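Report on one structure; see the data block that follows.
The first residue of the sequence shown is numbered 1, and numbering continues consecutively from there. Since the structure is predicted, the reported quantities are computational estimates derived from the model, not experimental observations.
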Amino acid sequence: APPVNGQDWTAGSVHSNAKLGYGYYEARYKYAAAAGLNNSFWIYSQHAGGSGPHYEIDMNEGHYPRTIMSGFHWNDGNDDGTYYTFSENFRAPHVDNLADEYHIYEMDWNRESINLYLDGILYRSIDNVGFAEKKEARLWFSEAVLAWAGEADKNQVDGSVMEVDYVRYYQTDGENFADTENLENMIAKAENEANSAIIGSDLGNYPKAAVETLKSAVNTAKETLGSS
């Protein structure tokens, strides 16, 4: 796009229409070969300019030639307006230039933790504290000139491109990754049915053994869910 509002360059972003949640995120891309550019792969719970409680996970704010900046930011809606932000830089030990070839960036996000990888190498892991109940956000890719990405060089920035080969999202269903909201609702419904069941020999009543089996299954499910 041509520059607007008198600026030298115009930044660009794309995002998913769907909101995604816990699961496994993977993108294969390479940086634009220019200092001053933020090559971003991230998720955000609001539209740009949104208000109210929100959060952002930056899997990578990539800075040429090989810096990865990950970040976790959220506002939990408290009256004091506290905004939490934790950013950290990582430099890939196995490559000198992340613009030369495609590399794979991954996030494994589950109820317990958030883990970030470059080409299978873990570069950041945190407990899922600020995001434990925040399970839906849009996936973004952005390219922008930003101060913390270094001083922009016009000769480098002009014509440079961040190239994305693919992006994938897997909604995992292992015991460490399950989104348990629907399961909790099902257990509650089964428990209500078991507690209200009429036991007897009349047609339409439940045999006592069947009700006891259902109650046992509900208790087992609750215990398993509570320990996961």
Side-chain angles (χ1 to χ4, degrees), residues 9-32 36-64 66-92 98 103-118 121-150 152 162 164 166-172 177 179 181:
W9 301 286
T10 300
S13 297
V14 294
H15 66 75
S16 63
N17 288 323
K19 285 191 172 184
L20 310 175
Y22 293 156
Y24 177 79
Y25 297 71
E26 176 183 294
R28 184 174 184 264
Y29 69 98
K30 57 183 176 180
Y31 291 4
L37 293 179
N38 210 47
N39 303 269
S40 303
F41 172 42
W42 54 302
I43 62 173
Y44 185 48
S45 62
Q46 301 269 38
H47 277 299
S51 59
H54 61 277
Y55 69 96
E56 175 183 332
I57 301 176
D58 300 317
M59 289 83 92
N60 180 24
E61 292 192 58
H63 304 154
Y64 177 78
R66 65 185 182 101
T67 296
I68 294 172
M69 187 174 79
S70 59
F72 306 98
H73 321 283
W74 71 94
N75 173 356
D76 56 15
N78 288 339
D79 292 338
D80 61 6
T82 301
Y83 187 77
Y84 304 91
T85 181
F86 301 93
S87 295
E88 186 175 287
N89 284 341
F90 171 81
R91 286 180 173 79
L98 291 168
H103 294 271
I104 297 175
Y105 303 84
E106 302 155 284
M107 177 173 70
D108 177 2
W109 180 26
N110 59 72
R111 184 177 288 270
E112 285 78 34
S113 62
I114 304 172
N115 304 289
L116 306 177
Y117 302 85
L118 167 68
I121 299 172
L122 178 69
Y123 61 85
R124 191 158 185 199
S125 179
I126 69 165
D127 292 337
N128 188 15
V129 178
F131 309 91
E133 299 303 325
K134 303 177 175 65
K135 295 174 289 187
E136 292 189 340
R138 289 181 173 84
L139 174 63
W140 291 71
F141 281 98
S142 302
E143 180 77 280
V145 177
L146 294 176
W148 58 86
M162 168 184 163
V164 179
Y166 67 76
V167 58
R168 297 169 180 162
Y169 167 71
Y170 303 89
Q171 188 173 12
T172 51
F177 307 96
D179 184 345
E181 184 175 352

To the nearest 0.5 Å, what is the distance between CE on M59 and OG on S70?
11.0 Å
Can you give me the closest heavy-atom contact between N39 and A32, atom names plus distance?
OD1-N, 3.0 Å
Return the CH2 to OH distance between W74 and Y84, rounded to the nearest 0.5 Å.
7.5 Å
Side chain to side chain donor-acceptor pair (under 3.5 Å) between N115 and S125, worked out
CA-CA 4 Å; N115 304 289; S125 179; 2.5 Å; yes
Would you mind reporting whether K30 and V164 have side-chain heavy atoms less than 4.5 Å apart?
no
Under 3.5 Å, is there a donor on one side chain and an acceptor on the other for S113 and D127?
no
Distance alone, cut at 3.5 Å: any donor-acceptor contact between the side chains of Y117 and E26?
no
Taking every heavy atom of Y169 against every heavy atom of G23, the minimum-distance pair comes out as CE1-CA, 4.1 Å
Examine the side chains of H73 and D58 and answer whether a donor and an acceptor come within less than 3.5 Å of each other.
yes
Compare all side-chain heavy atoms of I68 with those of Y123 and state whether any distance is below 4.5 angstrom.
yes
Please state whether the rings of Y29 and F141 are parallel, tilted or perpendicular, taking 30° and 60° as the class boundaries.
perpendicular
Validation row: Y166, I104 side chains within 4.5 angstrom (heavy atoms)
yes
Cation-pi check, R168 to Y170: give yes when NZ or CZ is under 6.0 Å from the six-membered ring centre and within 45° of the ring axis, no otherwise.
no
Checking Y31 against N60: is there a side-chain donor and acceptor pair closer than 3.5 Å?
yes
E56 side chain near W42 side chain, heavy-atom distance below 4.5 Å
yes
Tell me, do H103 and L118 make a side-chain contact under 4.5 Å, heavy atoms counted?
yes
With the side chain counted from C-beta on, respond yes when Y105 and L98 share a heavy-atom pair under 4.5 Å apart, and no when they do not.
yes
Which atom pair, heavy atoms only, marks the closest approach of F72 to I114?
CE2-CG2, 3.8 Å
Given side chain to side chain donor-acceptor pair (under 3.5 Å), test S16 with R138 step by step and report yes or no.
CA-CA 6 Å; S16 63; R138 289 181 173 84; 5.7 Å; no
Find the distance between CG (N89) and OG1 (T67) and round it off to the nearest 0.5 Å.
6.0 Å
Closest approach of E61 to N38 (non-hydrogen atoms, all atoms of both residues):
OE1-ND2, 2.6 Å
Working to the nearest 0.5 angstrom, can you tell me the gap between E106 CD and I121 CD1?
10.5 Å
I need the minimum non-hydrogen distance between R124 and L122, along with the two atoms involved.
O-CD1, 3.5 Å
Please report the closest heavy-atom contact between N128 and N110, naming both atoms and the distance.
ND2-O, 2.7 Å
Apply the test side chain to side chain donor-acceptor pair (under 3.5 Å) to residues S13 and S142: give CA-CA distance (whole Å), side-chain angles for both, the deciding distance (0.1 Å), then the verdict.
CA-CA 4 Å; S13 297; S142 302; 2.8 Å; yes
Going by heavy atoms in the side chains, are Y25 and L139 under 4.5 Å from each other?
yes
